[in-house]
Structure formats: C-alpha cells, structure tokens
Amino acid sequence: MTDPTASTASASEAGSPTAAVTAVAHRGDPYRVRENTLGSLRSALRHGADAVEIDVRLTRDGVPVLLHDATLARLWERDRPVAALSAAEVRELTDGGVPALAEALAVTEGHRVMLDLPGAPGRRAVRRIVEVVRACGAGDRVYYCADAAAMLTVRAADPAAEIALTWTTSAPPRPALLDAVRPRWLNYRFGLVDRALAERVHRDGYALSVWTPDTGRTMRRLIGLGADSITTNRVDVLCAVRGRTLMT
C-alpha cells in the first residue's frame with residue numbers, strides 16, 4: 001500500500017482511493033501530555049502516529065526550540081517571549097520542558113516530522129532551522145508547513161525541501177505562487193475541505209493535507225473525500241478510524 005509520506009511517492013499515488021491516510025500527531029499527543037514536549041512526541045508515536053507535527057521558534061541565541069506561542073505564558077506560566085531569551089534561559093524557566101529541535105529529531109528518529117513555522121519567521125530563523133535539520137541528518141524525513149511567506153523563505157533556504165503549503169481559503173493558490181514554492185502538499189483546515197476541493201488538489205498534482213479534526217465522524221468524512229494526510233490532536237482516534245476504514 002502506498003505511503004503518502006514517502007518522499008518517493010507521487011502526488012497522484014498519494015491521492016489514490018487505496019492509499020492509507022497518514023496519521024500526523026499535532027504537537028505530539030496533547031490530550032495526554034503537554035504539547036511540543038519530548039514526552040508528548042513519544043506518546044504520539046506509541047499510539048500509532050506515522051508522523052508528528054511540531055512548532056519551531058528561535059531563541060535569542062539562535063537555537064530552534066519547540067513552542068507554538070510567541071511567549072511561555074500559556075504552557076509554562078512565564079510571560080516571557082522566547083525570542084528574547086537564550087536557550088539556557090528557556091530551559092531554566094521551563095525546568096527543561098521546552099526541547100531543542102535537535103532533541104526532538106533524535107526522539108523521533110525513524111519517523112516523519114512536520115515542522116510548522118509560526119510567527120512569520122525571518123530569513124535568519126529559517127536558515128538556522130534548516131541548518132539544524134541537515135546537521136541532524138533528518139533532511140529526508142522532515143517537511144515544512146506554514147503560510148506562503150514562510151514557505152517561500154524555506155524554499156530559498158533549501159531548494160530541495162519538502163513543503164506543505166498551508167492555505168486558509170477555498171480559492172486555489174495562484175499558479176505563480178505554486179511555481180515559486182513548489183509544494184508537495186496543500187495543507188487546509190478541515191472545515192474548508194469538500195469533494196470539489198479535494199478533487200481539484202489531486203487533479204492539479206498535489207497531495208492533500210488536512211488539519212486538525214478531532215472527532216471520528218469528521219475524520220471518516222475526510223478519509224472518504226480522499227485526504228492523504230490528517231493532522232490531529234487525537235492520533236489514537238484517527239488510527240482507530242483508519243483501521244476500520246481499511247477493513248471495509
């Protein structure tokens with residue numbers, strides 16, 4: 001059975017009705033373990049994730065770390081912006097809870113990793129993130145997702161990068177943008193996805209990535225529409241739904 005996460009698979013293969021949808025764990029396993037931590041990544045993989053999605057930001061001294069928000073306030077009750085802190089200060093303020101990207105890549109060895117780049121990262125930040133991915137020998141299993149501006153920066157930093165272009169409207173991306181970004185995936189919020197959109201994505205030669213449904217009913221609908229990859233906070237539920245779907 002075709003694995004749509006494999007870099008050698010074509011987009012048309014990924015969109016075939018016989019391909020198993022890829023289960024991507026959103027920030028790890030946040031219903032069980034605090035998001036974007038090593039424990040959350042390990043839990044997601046134990047519960048069947050094919051890939052994990054993590055958010056990466058840069059510290060003041062240029063260390064990529066796992067954090068979705070601009071500050072430590074929501075998760076760590078420290079209202080300090082990560083961009084103004086050194087990696088050592090982040091570690092101290094969170095008792096080591098915020099891992100470096102290199103640590104996360106080591107923990108997920110052998111698995112695909114989707115790197116989300118929130119907060120409009122600049123060229124310096126993207127270059128540094130790409131450097132760490134290369135230094136860790138993870139270039140063949142990492143792919144990047146974010147909006148067009150961030151993905152254009154990734155493409156400039158790494159001409160060979162695999163990209164999932166996040167798109168927030170049902171209107172298709174402009175052909176000139178697609179030519180510049182060269183994404184493998186188009187990444188949509190689940191509420192936007194209907195049969196016409198899914199068919200258009202596949203017809204245009206892209207694989208369809210969807211985020212972040214958390215109910216079995218919605219997951220079944222998306223699988224039926226031909227989603228190639230689903231990013232969810234409940235990867236155990238998705239794996240159970242996928243298993244039942246493949247048996248029918």
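The structure displayed is predicted, hence computed values, not measured ones. For the single chain, residues carry numbers from 1 onward in sequence order.
- Arg155 pairs by the salt bridge (charged side-chain N to carboxylate O under 4.0 Å, His left out) definition with nothing, not counting sequence neighbours.
- Judged by the 6.0 Å and 45° rule, Arg184 forms no cation-pi pair with Tyr143.
- In this structure the side chain of Ile230 never reaches within 4.5 angstrom of the side chain of Phe190, judged on heavy atoms.
- Taking all atoms of both residues into account, the shortest heavy-atom contact from Cys239 to Gly48 is SG-O, 3.3 Å.
- Using a distance-only test at 3.5 Å, with no hydrogens or angles considered, no donor-acceptor pair links the side chain of Thr37 to the main chain of Val33.
- From Arg182, atom CZ reaches atom OH of Tyr206 across 10.5 Å, with rounding to the nearest 0.5 Å.
- Every residue meeting the side chain to side chain donor-acceptor pair (under 3.5 Å) condition with Arg27, not counting sequence neighbours, appears here in chain and number order: Glu35, Asp55, His68.
- Nearest heavy-atom pair across Leu66 and Ala104 is CD2-CB, 3.8 Å.
- A salt bridge between Asp158 and Arg127 is absent, with no side-chain N of the basic residue lying under 4.0 Å from a carboxylate O of the acidic one.
- Residue pairs meeting the side chain to side chain donor-acceptor pair (under 3.5 Å) criterion with at least one member in residues 166-180, sequence neighbours excluded: Thr166-Asn187.
- In this structure, Val21 and Ala227 approach most closely via the heavy-atom pair CG2-O, 3.5 Å.
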Does the pair Arg91 and Glu103 meet the rule for a salt bridge (charged side-chain N to carboxylate O under 4.0 Å, His left out), with working shown? CA-CA 13 Å; Arg91 187 170 294 276; Glu103 294 175 293; 3.2 Å; yes

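- Thr212 meets the side chain to side chain donor-acceptor pair (under 3.5 Å) test with no other residue; sequence neighbours excluded.
- When side chains are defined from C-beta on, Val210 does not count as touching Thr231, because their heavy atoms never get closer than 4.5 Å.
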For Leu186 and Leu178: C-alpha separation, side-chain torsions, deciding distance, then whether side-chain contact (heavy atoms from CB on, under 4.5 Å) applies. CA-CA 10 Å; Leu186 294 183; Leu178 293 170; 4.0 Å; yes

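- Two residues are said to be in side-chain contact when any heavy atoms from C-beta on lie closer than 4.5 Å; Met219 and Thr215 fail this criterion.
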Taking it one step at a time, do Asp29 and Ser40 satisfy side-chain contact (heavy atoms from CB on, under 4.5 Å)? CA-CA 5 Å; Asp29 195 6; Ser40 197; 4.1 Å; yes

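- No side-chain donor-acceptor contact under 3.5 Å links Glu53 and Trp211.
- Under the rule for a side chain to side chain donor-acceptor pair (under 3.5 Å), the partners of Glu131 that lie at least two apart in sequence or sit in another chain are Arg128.
- Residue Arg80 places its CZ atom among 12 or fewer non-hydrogen atoms of other residues, nucleotides or ligands, all under 6.0 Å distant.
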Verify side-chain contact (heavy atoms from CB on, under 4.5 Å) between Leu222 and Val193, making sure each step is shown before the conclusion. CA-CA 8 Å; Leu222 293 166; Val193 178; 3.9 Å; yes

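- Rounding to the nearest 0.5 Å gives a distance of 9.5 Å between CZ of Arg244 and CD1 of Ile223.
- Note on Ile54 and Tyr31: separate hydrophobic clusters, where clusters join Ile, Leu, Val, Met, Phe, Trp and Tyr whose side-chain heavy atoms are under 4.5 Å apart, directly or indirectly.
- Remark: Glu199 CD to Asp194 CG distance equals 9.0 Å, nearest 0.5 Å.
- Side-chain contact between Val201 and Trp185 is absent, with no heavy-atom pair separated by less than 4.5 Å.
- To the nearest 0.5 Å, atom CE of residue Met114 and atom OG of residue Ser229 are 5.5 Å apart.
- For the pair Pro99/Leu38, a side-chain contact is recorded, criterion being any heavy-atom separation below 4.5 Å from C-beta on.
- Legend: residues meeting side-chain contact (heavy atoms from CB on, under 4.5 Å) with Asp79, ordered by chain and number and at least two apart, are Thr71, Ala73.
- Clustering of Ile, Leu, Val, Met, Phe, Trp and Tyr by side-chain heavy atoms under 4.5 Å joins Leu67 with Val63, Val65, Leu72, Leu75, Trp76, Val82, Leu85, Val90, Leu93, Val98.
- Val235 belongs to no hydrophobic cluster with other residues, because no ILVMFWY side-chain heavy atom falls under 4.5 Å from its own, directly or through intermediates.
- Summarising the geometry of Ala150 relative to Leu117, their closest heavy-atom pair is CB-O, 4.4 Å, with the distance given to 0.1 Å.
- Shown here for Thr218 and Pro213, the closest heavy-atom pair between the two residues is CG2-CB, 3.6 Å.
- To the nearest 0.5 Å, atoms CG (Leu238) and CZ (Arg220) are separated by 11.5 Å.
- Residues Arg57 and Pro118 meet the side-chain proximity criterion, which asks for heavy atoms closer than 4.5 Å.
- In this structure, the side chain to side chain donor-acceptor pair (under 3.5 Å) partners of Thr232, at least two apart in sequence or on a different chain, are Asp214.
- In this structure the side chain of Arg123 never reaches within 4.5 angstrom of the side chain of Val126, judged on heavy atoms.
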Assess the residue pair Leu197 and Leu208 against the criterion (side-chain contact (heavy atoms from CB on, under 4.5 Å)); give the C-alpha distance rounded to whole Å, side-chain angles, the decisive distance to 0.1 Å, and a yes or no. CA-CA 9 Å; Leu197 186 147; Leu208 176 60; 4.2 Å; yes

Checking Glu162 against Arg112 for the salt bridge (charged side-chain N to carboxylate O under 4.0 Å, His left out) test, could you report, in this order, the C-alpha distance in whole Å, the side-chain angles of both residues, the deciding distance, and whether it holds? CA-CA 11 Å; Glu162 182 176 346; Arg112 295 273 278 162; 2.8 Å; yes

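- In terms of the side-chain contact (heavy atoms from CB on, under 4.5 Å) criterion, residue partners of Leu45 (sequence neighbours excluded) are, by chain and number, Ala49, Val52, Thr108, His111.
- A salt bridge is absent between Arg78 and Glu89; no separation between the charged side-chain nitrogens and carboxylate oxygens falls under 4.0 Å.
- The line from CG of Leu41 to CG of Leu105 is 9.5 Å long, rounded to the nearest 0.5 Å.
- Ionic pairing of Asp50 and Arg242 is present here: one or more N-O contacts between side-chain nitrogen and carboxylate oxygen are shorter than 4.0 angstrom.
- Exactly one residue among Val142, Val56, Leu58 makes a side-chain contact (heavy atoms from CB on, under 4.5 Å) with Leu101. That residue is Val56.
- Asp236 meets the side-chain contact (heavy atoms from CB on, under 4.5 Å) test with Arg32, His47, Arg234; sequence neighbours excluded.
- Taking all atoms of both residues into account, the shortest heavy-atom contact from Ala148 to Leu165 is CA-CD1, 3.6 Å.
- Applying the side-chain contact (heavy atoms from CB on, under 4.5 Å) test to Glu92 and every residue at least two apart in sequence or in another chain returns nothing.
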